[in-house]
Structure formats: C-alpha cells, structure tokens
Asks: 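Encoded as structure tokens, here's the structure I'll be asking about.
Order of the sequence lines sets the chain letters (A, B, ...), proteins ahead of strands, with each chain counted from 1.
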Amino acid sequence: MTEKVPFELVTPERVVFAEEADMIVVPGGDGDFGVLPGHAPLLSTVRPGTVEVYEGDRVTMRIFVSGGFAEVADGRCAVLADEAVPASEIDRADAEGRLNRAHEAHREAAPESPEHRQAVDELRAAEAMVAAAK
Amino acid sequence: MPNLKDLRIRIATVKSTQKITSAMKMVAASKLRRAQAAAEAARPYADRMERMLGALTASLPTVEGAPALLAGSGGDRSHLIVPITADRGLCGGSNSSIVRAVRRHVIALQESGKSVSLLCVGRKGRDALKRDYESLILDTLEDVTKTGAGFEAAHDIGRRLCAMFEAGEFDVCTVFFNTFKSVISQAVTARQVIPLPAPEGADDADDAAGNGGSKALYILEPSEEEILEALLPRNVSVQMFRALAESYASEQGARMTAMDNATRNAGEMIDDLTLTYNRTRQAAITKELIEIISGAEAV
C-alpha cells in the first residue's frame with residue numbers, strides 16, 4: 001500500500017495543512033468517514049469535530065475544525081473548514097472560555113431566532129474544540 | 001521679489017509635507033505586501049468552493065426547487081448595492097471611481113423603474129454617496145478593514161445579506177469593489193452575489209466533462225439540498241471576503257502610488273523653491289554691493 005491521498009485543509013484565510021496521507025478521517029455531517037486512496041468522488045458537509053490524518057496505523061495529525069465542507073475528487077481530498085486549529089496548538093483554557101461564552105450566548109438567545117441558531121452552532125464548535133484539546 | 005524669510009518658511013513646509021507623504025508611502029507599501037500575501041493565502045479556499053459549487057449546480061436537473069440564493073426570489077424589482085470603499089482618503093481615485101460606477105448603476109436602475117437601496121462598506125463611499133442618495137443608504141459599515149481584510153468581518157456581512165434576502169428586502173444584490181491588478185492599476189468590478197449567477201461556460205458542460213474530470217458524479221452527503229443550503233450562504237461570505245481583500249489591496253496600492261507621486265512633486269517643488277531662494281539671496285547681495293560701491297564712488 002504505497003499509494004497515498006493528497007490532503008488539503010484550507011480555511012478562508014490560509015492553507016492550514018497540505019500533505020499526503022495514508023488515510024484521513026473527516027467528521028462528516030452524516031457521520032465520520034475515512035478517505036483512502038481511490039475513494040469515490042464525494043461532497044459532504046463537515047460538522048464540528050476533529051480531522052484525523054493517518055500515517056500507516058498511527059494518527060500523525062489531529063486538527064480541530066468548526067464545520068465546513070469536504071470534497072473528494074480525482075483521488076484528492078480537500079476539507080474547506082470555517083475554522084481550523086491543530087489540536088496540539090489549542091489552549092485548553094481558551095477553549096473552555098469559549099465554551100462558557102457559548103453557553104451564555106445560548107441561554108440568552110431567544111428560541112428560534114437567527115441568534116439562537118448561531119449560538120447553537122457556536123456551542124457545538126466550542127464543545128468539539130474542548131474535546132479536541134484533550 | 002519674494003521675501004527671503006517667506007521662502008525659507010515655504011521650503012520648510014514643503015519639506016515636512018514630503019516627510020509625511022513618504023512615510024505614508026512606506027506604510028502603504030508594507031500593508032500592501034501583507035494584503036497581497038493574505039489574498040494569495042485565501043485563494044485556494046475560494047477556488048475549491050467555486051469548483052464544488054460548479055459541480056453541484058451543474059448536476060442540478062432544473063433551477064426549479066433550487067434554494068432561493070441560487071434561483072433568485074423570482075423577482076427583479078428591488079436591488080441592493082454594496083459599494084466597498086476605503087475608510088480613509090489620500091489613495092488616488094480609487095474611492096471616487098467606485099462612487100462614480102455606483103452612481104451610474106443607480107441611475108440606470110432607477111430609470112428602468114427598479115427600487116434601489118445601498119449598504120455602504122467604508123466611510124469614504126458613504127460620504128460621497130450621501131450627497132445624492134442619503135435616503136437610499138440603509139446602513140454604513142465602518143472600519144471593516146482596519147487591520148486588513150478578515151474573514152470574520154466578511155462573514156458578518158454575508159450573514160446579514162442572506163438574512164435580508166430571506167426577509168425579502170431585496171431581489172438582487174451587487175457588490176462594487178476595486179480589483180487589484182497591479183500597484184498602479186485597479187479596476188472597478190461589479191459582481192452579483194445574490195442570486196448566484198450561472199457559472200461561466202455552463203452551456204458547454206459537455207466539453208468540461210471530457211477534459212476536466214471535475215464533472216465526476218459525486219456521492220452527496222447528506223443530500224444535495226442540504227449541502228447547497230449550507231454552501232450557498234457560505235459562498236456569499238467568501239465572495240464578500242474576496243471583495244474586501246481585493247479592495248483593501250487596491251486601496252493600499254493606490255495610496256502607495258498617490259503618495260509616491262506626492263513625494264516626487266514635493267521634491268520638485270523644493271528644488272524650484274530652493275532655486276528661487278538662492279537667486280533672491282544673490283540678487284540681494286548684488287544689490288547691497290552695488291549700493292556700497294556706488295556709495296564709495298560718490299565720496
């Protein structure tokens with residue numbers, strides 16, 4: 001198994017990670033999915049979580065994403081994240097602070113309002129960030 | 001004959017102006033470098049998003065049933081124009097060319113009986129447009145690109161546009177901004193962001209399938225509608241971000257050129273003034289000498 005998948009993780013502001021990997025596990029909107037060489041073309045939404053990059057059987061890189069889209073085409077895999085931070089660079093206290101703020105915003109927002117929806121998204125993202133920091 | 005003291009003061013004034021303009025040029029140059037790097041870093045994301053959207057919309061069987069952001073609200077009555085200008089002046093004609101283009105567009109739309117509203121980004125555009133169209137301006141966003149074009153700011157604008165669209169406040173949204181071509185040239189660009197215009201070359205989709213391979217049949221998770229529903233508002237934000245980044249780079253480029261010219265003009269002026277100053281000084285000396293000599297001769 002020498003074949004590899006070129007993998008790219010980009011945010012609107014920069015390319016966070018671009019390397020070849022044996023397998024990438026992406027938290028898709030309908031559940032996690034792994035991308036191996038020769039994967040069929042796929043478009044998927046991404047939910048807040050951690051993207052894992054595999055080298056052989058080992059996870060070499062874990063990157064927190066707050067949501068976005070994933071595309072697999074022509075043997076390449078690309079994740080378009082709204083926000084992405086390598087798990088090793090997450091500051092635990094920062095992440096927890098964000099979670100607390102998200103909880104607060106969630107409590108304050110009126111149900112069914114656009115703010116409420118936004119607060120729910122932010123809450124999920126913050127939860128995933130704290131989980132990724134562990 | 002100009003007074004020597006006045007000339008000295010004048011030269012000192014022009015010199016201090018030159019110092020300011022050359023400092024502004026340096027600042028603009030370093031900001032421009034950063035802006036260009038940022039714009040470059042943002043390109044992969046925008047390119048991929050475009051590809052994904054292209055693939056998705058190409059596989060849509062009909063426009064019917066597509067989300068409104070793509071298909072439009074069915075009307076063409078009310079237009080929202082978003083002019084993106086700088087918050088500060090002294091950057092050549094970049095702000096006024098946006099304002100001129102917007103004004104033309106507004107007049108054309110009003111003549112064909114459409115209703116127009118404006119959402120200004122940047123103080124300079126607001127100030128110029130307020131004179132004629134104060135009643136049309138819904139709001140002005142200031143200091144959006146104070147520290148460079150950030151995606152968060154663009155996303156806020158994008159969300160706001162989508163919310164307004166959903167509330168039926170407008171049918172078509174067009175963004176006016178400067179595209180950065182080079183330091184000395186920026187082009188005014190008008191881009192329709194809502195509803196999303198059909199991708200260029202959509203008609204020859206069959207050709208693309210042959211050579212691009214990007215028309216591969218995708219597995220879609222969760223479903224086409226859901227992806228589009230998430231992707232389209234996102235795309236509005238990305239388009240806004242691109243517009244902000246381009247216009248920020250243009251602003252810095254235009255300012256750099258303008259300040260470079262100003263510095264050069266100041267230099268020329270100093271040379272001229274110095275020449276006049278020296279001539280005047282020599283003339284004064286000669287005059288004094290003549291007075292002394294003729295005084296001595298008279299004795």
Asks: Consider only side-chain N and O atoms of A:E13 and B:Y45, and report whether a donor and an acceptor are under 3.5 Å apart.
Replies: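 Side-chain D/A pair, A:E13 to B:Y45: absent.
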Asks: Rounded at 0.5 Å granularity, tell me how far CD1 in B:I219 sits from CG in A:L43.
Replies: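 B:I219 atom CD1 to A:L43 atom CG measures 10.0 Å (nearest 0.5 Å).
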Asks: Provide the closest heavy-atom pair for B:P222 versus A:T45 in the form atom of the first, atom of the second, distance.
Replies: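 That would be CD-OG1, 3.4 Å.
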Asks: Rounded at 0.5 Å granularity, tell me how far CD1 in B:I227 sits from CD in A:E71.
Replies: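 Interatomic distance, B:I227 CD1 to A:E71 CD, rounded to 0.5 Å: 10.5 Å.
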Asks: Among B:R242, B:E226, B:R159, who wins on heavy-atom pairs under 4.5 Å with chain A?
Replies: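 Of the options given, most contacts go to B:R159.
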Asks: At a 4.5 Å cut-off on heavy atoms, which part of B:A230 comes close to chain A: side chain, backbone, both, or neither?
Replies: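 For B:A230, the contact with chain A is made by backbone and side chain together.
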Asks: Output every pair passing salt bridge (Lys or Arg N to Asp or Glu O under 4.0 Å) with a member in residues 171-181 of chain B, not counting sequence neighbours, ordered by first then second residue.
Replies: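 Every candidate salt bridge (Lys or Arg N to Asp or Glu O under 4.0 Å) pair involving residues 171-181 of chain B fails, so no pair, neighbours aside, qualifies.
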Asks: Where does B:R234 contact chain A at under 4.5 Å (heavy atoms): side chain, backbone, both or neither?
Replies: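 Only the side chain of B:R234 comes within 4.5 Å of chain A.
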Asks: What part of A:R76 gets within 4.5 angstrom of chain B, counting heavy atoms only: side chain, backbone, both, or neither?
Replies: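 When you check distances to chain B, only side chain atoms of A:R76 fall under 4.5 Å.
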Asks: Given a strict heavy-atom distance threshold of 4.5 Å, which part of B:R43 is in contact with chain A: side chain, backbone, both, or neither?
Replies: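 Answer is neither: B:R43 stays 4.5 Å or more from chain A.
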Asks: Top residue by heavy-atom pair count (under 4.5 Å) with chain A, among B:A41, B:A37, B:A39?
Replies: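 Option with the greatest count: B:A41.
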Asks: A:L80 and B:M49: which non-hydrogen atoms are nearest, and at how many Å?
Replies: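 In terms of heavy atoms, the two residues are closest at CD2-N, 3.7 Å.
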Asks: Can you tell me which portion of A:E83 sits under 4.5 Å from chain B's heavy atoms? Options are side chain, backbone, both or neither.
Replies: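 It is neither, since no heavy atom gets under 4.5 Å.
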Asks: Would you say A:R92 has more than 12 foreign heavy atoms packed within less than 6.0 Å of its CZ?
Replies: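 Buried by this count: over 12 neighbours within 6.0 Å.
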Asks: Find the distance between CG (A:D82) and OG (B:S237) and round it off to the nearest 0.5 Å.
Replies: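 The OG atom of B:S237 is 9.0 Å from CG of A:D82, to the nearest 0.5 Å.
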Asks: Can you give me the closest heavy-atom contact between B:F241 and A:P12, atom names plus distance?
Replies: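 That closest heavy-atom pairing would be CE2-O, 3.2 Å.
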Asks: Tell me, please, which residues at least two apart from B:T140 pass side chain to side chain contact (heavy atoms under 4.5 Å, CB included).
Replies: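 Side chain to side chain contact (heavy atoms under 4.5 Å, CB included) check on B:T140 returns B:C120, B:R126, B:I137, B:E142.
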Asks: Tell me every residue that passes ring-ring contact (aromatic ring centres under 6.0 Å, His included) with B:H79, counting only those two or more places apart in sequence or in another chain.
Replies: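 B:H79: no ring-ring contact (aromatic ring centres under 6.0 Å, His included) contacts found.
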Asks: With a 4.5 Å heavy-atom cut-off (strictly below), which parts of residues 57-70 of chain A touch chain B? List them by number.
Replies: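 Hits under 4.5 Å: A:F69, A:A70.
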